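Step one of this worksheet: look at the structure below.
If you're wondering where the values come from, they're calculated on a predicted model, not measured in any experiment. Position 1 is the first residue of the sequence, and the numbers go up from there.
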Amino acid sequence: FGMDFGIMPDGRLVLFEANATMNFFPFLPDQRFAYVKQCASAAKRAFHDMLGRNVAPVSVSPNQQPSR
């Protein structure tokens, strides 16, 4: 799932969108969005940590698909 939110100056959250089918993949081939791949391994690792699953570290270079 995914959420789009902001944090107000007083610490309250403003929820703009919650999506039960959000997906980090597939990546767009446009190089302007290559930065998205940089956060994919950390996001995937955090998700597995949240579920209590131990997985091998994920490495993603800007020009390859994620692998374990």
Side-chain angles (χ1 to χ4, degrees):
F1 70 93
M3 294 183 293
D4 184 9
F5 65 92
I7 302 174
M8 297 179 59
D10 65 2
R12 291 182 296 154
L13 296 178
V14 178
L15 179 64
F16 299 110
E17 176 186 14
N19 187 338
T21 60
M22 183 173 231
N23 192 349
F24 289 112
F25 310 103
F27 295 113
L28 296 174
D30 190 321
Q31 286 302 309
R32 292 179 299 164
F33 304 110
Y35 69 93
V36 174
K37 290 184 181 181
Q38 299 301 315
C39 70
S41 63
K44 189 170 184 176
R45 192 175 315 108
F47 178 73
H48 285 281
D49 288 348
M50 181 180 68
L51 295 177
R53 294 177 59 187
N54 294 324
V55 296
V58 177
S59 63
V60 178
S61 72
N63 297 318
Q64 80 181 65
Q65 291 296 318
S67 63
R68 293 203 275 177

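For residues 7-16, the pairs satisfying side-chain hydrogen bond (donor to acceptor under 3.5 Å, both in side chains) are Asp10-Arg12, with sequence neighbours left out.
For the side-chain contact (heavy atoms from CB on, under 4.5 Å) test, residues two or more places apart in sequence or in another chain that qualify with Tyr35 are Phe33.
Contact record, Phe5 with Leu13: CD1-CD2, 3.8 Å, taken as the closest heavy-atom pair.
Taking hydrophobic clusters as Ile, Leu, Val, Met, Phe, Trp and Tyr residues chained together by side-chain heavy-atom distances below 4.5 Å, Leu15 does not share a cluster with Met8.
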